[in-house]
Amino acid sequence: MDKNKQSQNVRTVWWEEDASSAYVCMIDQTLLPGRVVTLRLTHENEVAHAITTLQVRGAPAIGVTAAFGIALALRRFAQEQRTANADATVEQACERVQGVGAMLCQTRPTAVNLSWAVQRMMRRAASKYASVAELVRALRDEAHTIATEDAAACAQMGIYGAELIADGDTLLTHCNAGALATVGSGTALAPLYTAHKAGKHIHVFVDETRPVLQGARLTAWELQQAGVPLTLITDSMAGHFMRYGNIKAVFVGADRIAANGDVANKIGTYSVAVLAHAHAIPFYVVAPCSTVDLTLASGEAIPIEQRSREEITRIHGVPIAPEGVHVANPAFDVTPHRYVTAIVTERGIARPVYKDILHVLCGARDAEEQLLRKE
Ligand code: MRU
């Protein structure tokens, strides 16, 4: 199978390589839905910039991007050494890998998939290598493995999550947790795609997701491309439609899930969860185990990214608020676990009490990564 193939018709991030160079490629998500433009990045600083500016976004997608970014940086380092007739040691190459990994981890703090992917690359780099060329190949392969595993996890979450959807259901989602946020079919949207493909007639209410409009620009676009019926609403309409719109369930993704099941996701998710609770509507979180951070006892400890005031005060560069107004712009919020009906992972569906079941589902295989993250 083509290593770069994504199961949906939209490819989010992938690797290209020829004799002279390698490229981390991605759709520039800041330009969607108006234009579908592909970026071909050759330097790790460009990769960091793409993550920071949301050209690529979504927790699993930025993890995969960071992994490819490290592979890219190492390949370029090796090439520079050859061109300069210098002979870098494997240790020097590993130092470069660590520096780039640390730099990429600084880009966005909330989604744990990023540091998880960087740690995996570090672990792979820590094995014994006979040459820098061998290390370059190993890290490129590891990045591809992370991408392949993400696509497989999406497919599996789709299968598990679709069991929660009945024919004729109207659902609601917030932000974008679809193909654009992963390298597969998505997290929260994967069950919807699976149900739709199985012939279930579903209808999706899509919150626009202020301030960056991931719902309006990205989720509405990709659902439309896939032929899934949808209605776009503003965030403030969610309560109204839960009351009168016959919404049967809410599906959202996650950027980090603490050991007790508290969920950090796009700002506004918490309000949606409280509304769902008030209307006795199931609130499902769909996320791979790479999003579960068992080192954090509760959501209180999840770092929340603060983004620029301009995301609030301007739309497409046009001011919509008085000059100099005080602004707050947390990019994520934390939904307490008591509002979460179930967490769908690629290893099964977790229901309360989360602190027990999340350890069982996501603990064993990730033990080493959790330890590394703690250090
Ligand atoms: O700021 P973003 O667009 O990266 O935020 C994305 C989200 O909050 C998603 O819901 C989350 O990453 C899950 S994506 C599968």
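As the structure lists them, so they are numbered: ligands from 1, and atoms in each ligand from 1. Side chains are part of it too, since the values below use all heavy atoms of this structure and drop only hydrogens, waters and symmetry mates. Every value quoted in this text rests on a predicted model; they were computed, and no experiment measured them. Residue indices begin at 1 and follow the sequence shown.
A cation-pi contact, defined as under 6.0 Å to the ring centre and within 45° of the axis, links Arg40 to Tyr23.
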What are the polar N/O contacts of ligand 1 with the protein below 3.5 Å, with distances?
unit_1: ligand 1; atom_1: 1 (O); unit_2: Arg108; atom_2: NH1; d: 3.4
unit_1: ligand 1; atom_1: 1 (O); unit_2: Arg108; atom_2: NH2; d: 2.8
unit_1: ligand 1; atom_1: 1 (O); unit_2: Lys266; atom_2: NZ; d: 2.8
unit_1: ligand 1; atom_1: 3 (O); unit_2: Arg57; atom_2: NE; d: 2.8
unit_1: ligand 1; atom_1: 3 (O); unit_2: Arg57; atom_2: NH2; d: 3.2
unit_1: ligand 1; atom_1: 3 (O); unit_2: Gln214; atom_2: NE2; d: 2.9
unit_1: ligand 1; atom_1: 4 (O); unit_2: Gly58; atom_2: N; d: 3.0
unit_1: ligand 1; atom_1: 4 (O); unit_2: Arg108; atom_2: NH1; d: 2.8
unit_1: ligand 1; atom_1: 8 (O); unit_2: Asp255; atom_2: OD1; d: 2.8
unit_1: ligand 1; atom_1: 8 (O); unit_2: Asn265; atom_2: OD1; d: 3.2
unit_1: ligand 1; atom_1: 8 (O); unit_2: Lys266; atom_2: N; d: 3.2
unit_1: ligand 1; atom_1: 10 (O); unit_2: Asn265; atom_2: OD1; d: 2.6
unit_1: ligand 1; atom_1: 12 (O); unit_2: Ala59; atom_2: N; d: 2.9
unit_1: ligand 1; atom_1: 12 (O); unit_2: Asp255; atom_2: OD1; d: 3.3
unit_1: ligand 1; atom_1: 12 (O); unit_2: Asp255; atom_2: OD2; d: 2.9

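Taken from CG in Asp150 to OG1 in Thr182, the straight-line distance is 5.5 Å, to the nearest 0.5 Å. Distance check: Arg347 CZ to Leu358 CG gives 11.5 Å after rounding to the nearest 0.5 Å.
Residues Glu149 and His144 fail the side-chain proximity criterion, which asks for heavy atoms closer than 4.5 Å. Considering only heavy atoms from C-beta on, Val206 stays 4.5 Å or farther from Thr231 through its side chain.
Ring geometry for Tyr339 versus Tyr270: interplanar angle of 30 to 60°, hence tilted.
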